[in-house]
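This report refers to the structure that appears directly beneath it.
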Amino acid sequence: YALKYSLGRYEIGLEHYGELMGQLGFTGGLHGLDVGSGAGHWIHAFAALNDQATGIELREDFVEIANGVAAAAGLADRARSIVGDARNLPFEAETFDVVWSHGVIMFVEHDQALMEMSRVLKTSGALYIGYTSIGHRMRLLQRAIAGETTRNLMRTTINTLFNNSIYRAGIFQTPRGRVRCYTREELQHTARLAGFSIVAAPKLQDQSDQWHGREGTIDFLARKTAPQDQRIRDIVTAASDEAALLAETREAIRFGAPEAALLLLDEAKLDETQAEVRHARLSAMLKAGKLRPHTPAIGELDADETEAAALLRAKIALNFARWPEAIERLEALPATAETSLLLLAAHLYADNLDAALPLSTDARSRHGDDFSIGIAHLRTLDMAGDDARLFAETNRLLDDIADGVIDYD
């Protein structure tokens with residue numbers, strides 16, 4: 001796979017990627033970092049125009065290819081790829097003049113990666129992000145039901161959208177993949193919370209397509225205007241009162257910046273004897289993957305008889321794969337779109353198809369306008385192997401979305 005992908009990038013040519021660097025203003029004696037550098041094509045193009053380029057890549061086979069190409073091209077002294085993780089960059093703070101990440105962020109925790117990019121980027125340095133969004137996924141589904149792509153690609157796309165819906169509902173652990181799908185507003189707001197200000201939308205993605213007005217790819221150029229800790233302090237200082245700050249925290253959790261939400265709570269030092277504040281912290285920890293099964297605050301939820309606490313306990317059980325407990329707790333709650341989605345997820349992850357099929361049909365009937373329920377219904381039909389209904393329901397969902405609005409709430 002790595003070799004095939006790399007050949008495709010280099011057939012496009014380094015001149016093409018050099019032109020992109022020029023359009024971004026990434027030229028003239030700079031030290032740059034590519035997060036998720038793959039075959040090394042971006043760092044080699046950058047190195048030809050600057051002093052030093054570093055690439056960090058999770059896969060060793062890509063790193064081997066990238067460094068081999070650098071040596072063959074006479075760029076080994078200026079372009080270096082290493083194995084590493086976007087969520088824990090092995091560099092000192094304020095190391096790089098520019099940082100970019102193209103087609104990678106959707107595969108990692110977005111706020112963790114953006115926080116790390118902010119940390120290693122010099123203040124006033126530039127960041128470029130390229131990202132695959134919802135329109136691309138919808139186009140893949142449409143091509144699948146038209147027979148233009150494989151059945152397996154359809155299955156993968158449905159699973160991606162389903163797990164993304166579960167993550168949006170507050171669950172970190174989503175079996176069988178954790179690809180995310182943010183909107184432009186959500187992705188850029190996550191970047192702002194990490195200390196960036198958005199400068200422009202260059203539209204330099206390889207496939208800058210749209211699907212019925214929904215962006216298939218997103219890119220933006222940003223500048224680091226403050227370290228993240230300063231940005232968090234500024235938000236806390238600017239908040240009119242504790243209620244406004246708690247609302248800001250909940251919003252960060254909702255769209256997918258739980259790490260920033262935790263920083264806001266830490267900085268604000270809100271009274272955590274208040275149920276709302278405890279719920280916010282637990283929700284942020286859960287969605288950030290920082291909650292542990294025996295965190296003491298989880299036990300305190302047992303004494304909290306509110307519906308919010310009961311839903312949070314159900315989410316915690318679902319996150320830790322305690323399917324029977326999650327199902328029991330969710331069945332005791334009102335059948336909203338959110339609880340129906342989570343209950344269906346618990347049954348599907350537990351391979352309880354006999355229970356999932358009627359539940360899925362009922363939820364689709366009750367909450368037909370909810371995008372996440374529609375995707376969950378497709379996932380159920382996919383797991384059941386009912387291709388006839390799957391294709392018909394996929395076509396129905398696409399028609400609904402084309403005429404309306406994707407509502408993640």
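These figures come from a predicted structure and were not determined experimentally.
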In this structure, CZ of R389 is separated from CG of L381 (nearest 0.5 Å) by 5.0 Å
Correct closest heavy-atom pair for L193 and A252 would be CD1-CB, 4.2 Å
If you count heavy atoms of other groups shown closer than 6.0 angstrom to CZ of R80, is the number above 12?
no
Within a 6.0 Å radius of atom CZ on R366, are there more than 12 heavy atoms belonging to other residues, nucleotides or ligands? no
Value for CG (N152) from OG1 (T157), rounded to nearest 0.5 Å, stands at 9.5 Å
Original post:
Which word best sums up how the rings of F255 and H189 line up, parallel for under 30°, tilted for 30 to 60°, or perpendicular for over 60°?
Top reply: tilted
Closest non-hydrogen contact found for A53 with H31 is N-CD2, 4.4 Å
| said: For E338, is there an ion pair with K315 - N to carboxylate O distance below 4.0 angstrom? | reply: yes
- Query: side-chain contact (heavy atoms from CB on, under 4.5 Å) between I12 and Y17: does it pass, once the steps are laid out?
  - Reply: CA-CA 8 Å; I12 291 172; Y17 294 104; 3.6 Å; yes
Of L341, L343, L344, the one forming a side chain to side chain contact (heavy atoms under 4.5 Å, CB included) with L330 is L343
Interatomic distance, OG1@T217 vs NE2@H136, rounded to 0.5 Å, equals 9.0 Å
Heavy atoms of S118 and Q228 approach each other most closely as OG-N, 4.3 Å
- Query: What do you reckon, is CG of D271 surrounded by more than 12 foreign heavy atoms closer than 6.0 Å?
  - Reply: yes
Paired with I105, the side chain to side chain contact (heavy atoms under 4.5 Å, CB included) test is passed by just one of I218, I129, T132, namely I129
inquiry  = Regarding R180 and D111, does a basic nitrogen lie under 4.0 Å from an acidic carboxylate oxygen?
reply    = no
- Whether R214 side chain and H212 backbone form a donor-acceptor pair below 3.5 Å: yes
* Asked: Is the backbone N or O of L30 less than 3.5 Å from a side-chain atom of N50, with the two atoms forming a donor-acceptor pair by type?
  -> yes
Go through it in stages, so that I can follow the logic: the residues are M383 and F162, the test is side-chain contact (heavy atoms from CB on, under 4.5 Å), and I'd like the CA-CA distance, side-chain angles, deciding distance and then a yes or no. CA-CA 12 Å; M383 289 185 68; F162 177 62; over 6 Å; no
Next item on the list: Please confirm whether the backbone N or O of C181 pairs with a side-chain atom of H110, one donor and one acceptor, at under 3.5 Å?
Entry: no
- [ ] Answer yes or no: is there a donor N or O on one side and an acceptor on the other, between the side chain of E57 and the main chain of V63, under 3.5 Å?
- [x] no
Paired with H377, the side chain to side chain donor-acceptor pair (under 3.5 Å) test is passed by just one of S372, S365, S360, namely S360
Surrounding CD of E92 (heavy atoms of other residues, nucleotides or ligands, distance under 6.0 Å), is the total greater than 12? no
d(L286 CG, T295 OG1) to nearest 0.5 Å is 10.0 Å
Chi angles and distances behind the side-chain contact (heavy atoms from CB on, under 4.5 Å) call for T339, E331: CA-CA 8 Å; T339 57; E331 286 179 339; over 6 Å; no
- In terms of heavy-atom contacts, does CD of Q230 have more than 12 from other residues, nucleotides or ligands at under 6.0 Å? yes
Open item on the list: Counting neighbours of CD on E64 that are heavy atoms of other residues, nucleotides or ligands and sit closer than 6.0 Å, is the number greater than 12?
Closed with: no
Here the pair of heavy atoms bringing A260 nearest to I232 is O-CD1, 4.1 Å
Could you go through the salt bridge (Lys or Arg N to Asp or Glu O under 4.0 Å) check for E109 and R87 one step at a time? CA-CA 7 Å; E109 280 66 52; R87 298 165 297 182; 2.8 Å; yes
query: Taking the six-membered ring for Trp, are W42 and H102 parallel (under 30°), tilted (30 to 60°) or perpendicular (over 60°)?
result: tilted
- Message: D399 vs R396, test: salt bridge (Lys or Arg N to Asp or Glu O under 4.0 Å). Steps then yes/no.
- Response: CA-CA 5 Å; D399 283 345; R396 174 189 168 195; over 6 Å; no
On a heavy-atom basis, the closest approach of I298 and R313 is O-NH1, 3.2 Å
Query raised in the report: Between the side chain of R155 and the main-chain N/O of T150, is any donor-acceptor distance below 3.5 Å?
Result: no
May I ask you to say whether R364 pairs ionically with D400, meaning some side-chain N is under 4.0 Å from a carboxylate O?
yes
Shortest non-hydrogen pair, A126 vs F26, comes out as CB-CE1, 3.7 Å
Discussion item. Go through it in stages, so that I can follow the logic: the residues are R231 and E267, the test is salt bridge (Lys or Arg N to Asp or Glu O under 4.0 Å), and I'd like the CA-CA distance, side-chain angles, deciding distance and then a yes or no.
Written reply: CA-CA 11 Å; R231 177 61 53 84; E267 180 66 26; over 6 Å; no
### Task
Please report the C-alpha distance between R250 and E276 in whole Å, then the side-chain angles of each, then the deciding distance to 0.1 Å, and finally whether the salt bridge (Lys or Arg N to Asp or Glu O under 4.0 Å) criterion is met.
CA-CA 10 Å; R250 287 200 202 96; E276 286 188 336; 3.5 Å; yes
| said: Please determine whether a side-chain nitrogen of the Lys or Arg among K203 and D219 lies less than 4.0 Å from a carboxylate oxygen of the Asp or Glu. | reply: no
In terms of relative ring orientation, are F46 and W100 parallel, tilted or perpendicular, with 30° and 60° separating the classes? tilted
Notebook entry, point to check: When the ring planes of Y10 and H41 are compared, do they come out parallel, tilted or perpendicular, using 30° and 60° as the limits?
Noted result: perpendicular
* Answer yes or no: is there a donor N or O on one side and an acceptor on the other, between the side chain of Y128 and the main chain of L24, under 3.5 Å? => no
So CZ of R137 and CD1 of I375: to nearest 0.5 Å the spacing works out to 11.5 Å
